[in-house]
Amino acid sequence: MDAYSNLLARSREISLLSNTANVLMWDQETYLPPKALDFRSDQLAYLSGQIHKLTTAPEVGEWIKAAEDQGFAADSDEAANIRRWKRTFERETRVPTEFVERFEKEKTLAREQWIDARKHSDFSKFQPSLERLLGFSRQLADFWGYENDRYDALLETYETGTSAAELKAIFDKLRPQLKALYDKRQAQDRPKVELRGVFPESAQAAFNAEVAGAIGYSFETGRVDTTTHPFCTTLGPRDVRITTRYHEDVFGTSLYGVLHEAGHALYELGLPEEKFGAPCGSPISMGIHESQSRLWENQVGRSKAFWKHWYPKAFRHFPDLANYSIDEVTAAMQSVQTSFIRVEADEMTYDFHIMLRFELELALIHGDLEPAGLPSAWNELFEKSFNLKVPDDARGCLQDIHWSFGGFGYFPTYSLGNLNASQLMAAARREIPSLDASLESGEYAPLLKWLREKVHRHGQKYDPQDLMRLATGEPTNPDHHIKYLREKYL
């Protein structure tokens with residue numbers, strides 16, 4: 001085979017192993033017996049090592065050099081694939097395989113320590129794991145290298161081409177505008193609506209499945225399970241699974257968890273199946289990925305149009321909703337009030353949660369904050385940001401799973417996702433004049449088709465900001481998100 005064909009074959013071999021590892025990780029989060037964890041950590045460490053060896057083998061570097069000379073057009077999928085393979089090869093050859101295996105084993109064990117610590121609301125149970133994970137993450141950033149900020153090396157994993165300085169500039173612009181909107185909203189003194197009743201888990205699961213199916217998530221290519229922290233994972237080109245969590249006295253938690261994760265799944269399932277295993281058949285960044293989940297969760301799911309269609313169907317599943325009108329249900333789903341929990345936060349305050357985590361992540365990676373001081377630093381910053389005293393670790397620094405798998409650099413992509421979602425939705429409305437009418441009637445195919453054409457089908461052919469320019473005519477612009485929030489909530 002020629003060099004490019006060799007690279008493509010190797011990429012697909014790596015994909016087979018990576019998705020096999022995903023099966024084991026999905027099982028760990030859903031059904032793994034507690035005493036099986038140690039062996040599972042060995043399995044995942046072994047697979048990560050094998051993937052790293054295949055990625056960094058000397059022949060891969062030789063194939064990349066030869067493939068660059070094969071004369072592919074600069075705008076071709078082949079050229080894009082080669083660029084991504086080269087970037088990965090150059091980064092990963094700087095990291096020892098033994099380090100990769102040890103880090104993976106630690107991440108596997110740390111997730112269970114986090115679950116136990118969160119269950120007992122006791123940070124001390126997770127602190128030793130976090131200390132080790134932070135050490136690994138700092139060392140990994142140093143292996144990869146960076147120009148200005150160690151955090152940038154970690155951020156590159158999740159958002160190609162973005163730096164901590166650029167994020168800080170975005171957040172510095174966004175924060176006062178969001179605060180002004182929040183203050184205006186609170187000054188309106190709107191009545192608060194809380195949906196009280198009993199919402200059985202079985203009824204929630206049935207309703208969630210109906211909604212997920214309507215927006216395009218097929219249960220022939222996926223499933224919904226229960227876990228501590230909702231997630232989406234890809235096990236193959238026709239196997240993308242999601243999870244959620246339930247509260248029988250709270251309506252909406254599991255629904256919006258499913259809409260969020262189904263948005264991720266729709267992106268994965270919208271990638272070109274014939275390119276699966278190659279960069280052009282893979283998602284480009286978490287800022288784009290989160291734009292898909294936040295778009296379906298909020299732009300669609302928290303709209304009045306959504307509830308005009310789904311209220312009668314929800315009523316059949318949940319008789320206790322008879323106590324509330326459609327306007328009251330919509331108002332409850334669009335309520336604005338400070339919350340301890342990020343995943344349950346409203347759209348107007350959500351990004352404050354992300355900015356808090358971004359500030360703490362920077363301090364941890366830079367060495368300005370050590371894990372032992374995280375709870376007090378979290379509580380102090382949270383009270384400053386939200387004017388609320390954090391009652392316990394479970395509703396404070398232990399609420400998110402990300403640090404337990406060493407995901408430093410992930411959190412900012414949620415806010416990028418919000419900004420991108422608003423911008424993409426504005427562009428979709430411009431190009432599909434009947435979009436709002438179709439959403440109100442529960443017809444989601446036009447929106448999904450537009451997203452697949454503008455975003456999904458490109459895979460990693462373009463960097464995130466180039467993809468946003470292609471889809472909307474400009475790079476990520478926070479003004480669209482501020483305009484969206486103002487129109488929806490004021």
Side-chain angles (χ1 to χ4, degrees), residues 190 192-219 222-224 226 230 232 242-266 292-336 343-347 350 421-422 424-425 428-429 432 434-451 484 487-489:
R190 299 190 187 195
K192 298 290 189 295
V193 179
E194 294 184 10
L195 305 181
R196 301 183 182 277
V198 177
F199 309 103
E201 181 175 327
S202 59
Q204 291 186 53
F207 181 58
N208 294 348
E210 194 174 343
V211 173
I215 69 170
Y217 182 66
S218 170
F219 288 86
R223 54 181 289 130
V224 181
T226 308
C232 168
I242 64 177
T243 65
T244 191
R245 61 188 179 199
Y246 299 92
H247 300 295
E248 293 197 329
D249 59 340
V250 180
F251 179 74
T253 299
S254 69
L255 169 64
Y256 288 106
V258 164
L259 278 169
H260 182 98
E261 302 306 336
H264 282 304
L266 290 176
Q292 304 306 286
S293 59
R294 297 295 287 174
L295 185 150
W296 288 103
E297 176 190 357
N298 294 320
Q299 304 273 343
V300 174
R302 295 189 190 276
S303 68
K304 190 171 185 179
F306 180 87
W307 284 108
K308 278 187 177 181
H309 177 75
W310 287 103
Y311 174 77
K313 301 176 188 297
F315 176 79
R316 291 199 295 271
H317 287 279
F318 310 106
D320 283 358
L321 285 183
N323 298 319
Y324 303 94
S325 68
I326 184 174
D327 287 337
E328 288 174 320
V329 171
T330 303
M333 298 303 104
Q334 293 182 357
S335 66
V336 174
V343 297
E344 298 172 7
D346 60 79
E347 291 183 87
Y350 182 92
S422 294
L424 288 166
M425 199 66 172
R429 283 195 167 95
I432 312 173
S434 60
L435 180 58
D436 286 321
S438 71
L439 294 177
E440 191 168 319
S441 64
E443 295 293 331
Y444 303 108
L447 177 58
L448 181 57
K449 180 181 178 182
W450 187 89
L451 290 169
Y484 159 72
E487 292 177 352
K488 184 173 184 177
Y489 287 95

### Query
Are any of the side-chain heavy atoms of K449 and I432 separated by less than 4.5 Å?
no

### Query
Less than 4.5 Å apart, any side-chain heavy atom of V224 and any of F219?
yes

Sequence neighbours excluded and cut-off under 3.5 Å, please list the side-chain donor-acceptor pairs for residues 256-266, or say none.
{"residue": "Y256", "atom": "OH", "partner": "G301", "partner atom": "O", "Å": "2.9"}
{"residue": "Y256", "atom": "OH", "partner": "W307", "partner atom": "NE1", "Å": "3.2"}
{"residue": "H260", "atom": "ND1", "partner": "E297", "partner atom": "OE1", "Å": "2.7"}
{"residue": "H260", "atom": "NE2", "partner": "H264", "partner atom": "NE2", "Å": "3.4"}
{"residue": "H260", "atom": "NE2", "partner": "E290", "partner atom": "OE1", "Å": "3.3"}
{"residue": "H260", "atom": "NE2", "partner": "S293", "partner atom": "OG", "Å": "3.3"}
{"residue": "E261", "atom": "OE1", "partner": "C232", "partner atom": "N", "Å": "3.2"}
{"residue": "H264", "atom": "ND1", "partner": "H289", "partner atom": "ND1", "Å": "2.9"}
{"residue": "H264", "atom": "NE2", "partner": "E290", "partner atom": "OE1", "Å": "3.3"}
{"residue": "H264", "atom": "NE2", "partner": "E290", "partner atom": "OE2", "Å": "3.4"}
{"residue": "H264", "atom": "NE2", "partner": "S293", "partner atom": "OG", "Å": "3.3"}

### Task
Apply salt bridge (Lys or Arg N to Asp or Glu O under 4.0 Å) to R316 and list each qualifying residue two or more places apart in sequence or on a separate chain.
none

### Query
What is the ring orientation for Y444 with F306, classed by angle as parallel under 30°, tilted 30 to 60°, or perpendicular over 60°?
tilted

### Task
Over 60° means perpendicular and under 30° means parallel, so classify the ring planes of F318 and F207, tilted if in between.
perpendicular

### Query
Looking only at atom types and distance, does a side-chain atom of Q334 sit under 3.5 Å from a main-chain N or O of R302, one as donor and one as acceptor?
yes

### Query
Which atom pair, heavy atoms only, marks the closest approach of H317 to A203?
O-CB, 3.6 Å

### Query
Just by modelled atom types, is the E194 backbone N or O under 3.5 Å from a matching donor or acceptor in the Y324 side chain?
yes

### Query
Is the CZ atom of R196 crowded by more than 12 outside heavy atoms at less than 6.0 Å?
no

### Task
Specify whether F251 and F199 have parallel, tilted or perpendicular ring planes, treating 30° as the upper limit for parallel and 60° as the lower limit for perpendicular.
tilted

### Query
At what distance, to the nearest 0.5 angstrom, does OG of S438 lie from NE2 of H309?
11.0 Å

### Query
Y246 side chain to S202 main-chain N or O, any donor-acceptor pair under 3.5 Å?
no

